[in-house]
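Below is one structure, written out as C-alpha cells; the observations come after it.
Computed over heavy atoms, backbone and side chain alike; hydrogens, waters and symmetry mates excluded. These figures come from a predicted structure and were not determined experimentally.
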Amino acid sequence: QVQLAESGGGLVPPGGSLALSCTASTLAGVNALGWHRQPPGQQRDLVARILPGGTTMYGRGVKGRFSITRDDAKNTVYLQMSRLSSEDTALYYCFAATQLKTYWGQGTWVNVST
C-alpha cells in the first residue's frame, strides 16, 4: 500500500553528476528505503539502501561515488550520484521495504552518454 514516485533521471555526460529522488505516499510501516537499478539486458541489482537510523549499504561499484539519504518528514529518499560512467546507465527503481512486502516505483532512466 505504498506508492513510490521517482524523479530526477535523465541524460548526463560521463564524469557528471545526477540526483534522484523518490517520494512515498506513506512511510507507515516502512523500514528500509533505497534504490535498485537494471542496466539494459541485465538483471536488477542493489544500488543503495538506508535504514531509519541512517545505516547505509551500497552495492558493488558505487560506494564512494553514490550517496543515499532519507528525509522521513518529506517521505523521500534521495540518491546523489557522481563521477558517472556508462556502466551506471540503467533504469533506477526506488523501493520501500516493510516487514512483509517491498514496494517498487515505476523507475527512472539514467543515461550516461556523450
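- A cation-pi geometry, defined here as NZ or CZ lying under 6.0 Å from the six-membered ring centre and within 45° of its normal, does not hold between Lys63 and Phe66.
- Closest approach of Tyr92 to Met81, counting heavy atoms only: CE2-SD, 3.8 Å.
- Side-chain contact between Val47 and Leu79 is present, with heavy atoms from C-beta onward closer than 4.5 Å.
- Judged as a salt bridge (charged side-chain N to carboxylate O under 4.0 Å, His left out), and not counting sequence neighbours, the contacts of Asp72 are Arg70.
- Tested against Asn111 for a side-chain contact (heavy atoms from CB on, under 4.5 Å), the candidates Asp88, Thr89, Val12 yield a single pass: Thr89.
- Looking at Tyr58, its side chain does come within 3.5 Å of a backbone N or O of Ile68 through a donor-acceptor pair.
- There is a path of hydrophobic side-chain contacts, each under 4.5 Å, that joins Val110 to Leu4.
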Donor-acceptor pairs are to be reported for all side-chain atoms of residues 16-28 against protein atoms at under 3.5 Å, with residues two or more places apart or in another chain.
residue, atom, partner, partner atom, Å
Ser21, OG, Ser7, OG, 2.8
Thr23, OG1, Thr76, OG1, 3.1
Ser25, OG, Gln3, N, 3.0
Ser25, OG, Gln3, OE1, 3.2
Thr26, OG1, Ala28, N, 3.0

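- Atom-to-atom distance recorded for Trp35:CH2 and Ile50:CD1 is 12.5 Å, nearest 0.5 angstrom.
- Closest non-hydrogen pair, Thr102 versus Ala97, comes out as OG1-CB, 3.9 Å.
- Ring centroid separation for the pair Phe95 and His36 comes in under the 6.0 Å cut-off.
- For the atom pair Gln80 CD and Thr69 OG1, the distance stands at 8.5 Å (nearest 0.5 Å).
- Taking SG of Cys94 as the reference point, atom CG of Leu33 lies at 6.5 Å (rounded to 0.5 Å).
- Between the Gln38 side chain and the Leu91 main chain, no donor and acceptor come within less than 3.5 Å of each other.
- For the residue pair Thr114 and Pro14, the shortest heavy atom distance occurs at CG2-CD, 3.6 Å.
- Judged by the 6.0 Å and 45° rule, Arg37 forms no cation-pi pair with Tyr93.
- With contacts defined as side-chain heavy-atom distances shorter than 4.5 Å, the pair Arg44/Trp104 qualifies.
- Contact record, Ala96 with Val30: CB-CG1, 4.0 Å, taken as the closest heavy-atom pair.
- Summarising the geometry of Arg65 relative to Arg83, their closest heavy-atom pair is NH1-O, 3.0 Å, with the distance given to 0.1 Å.
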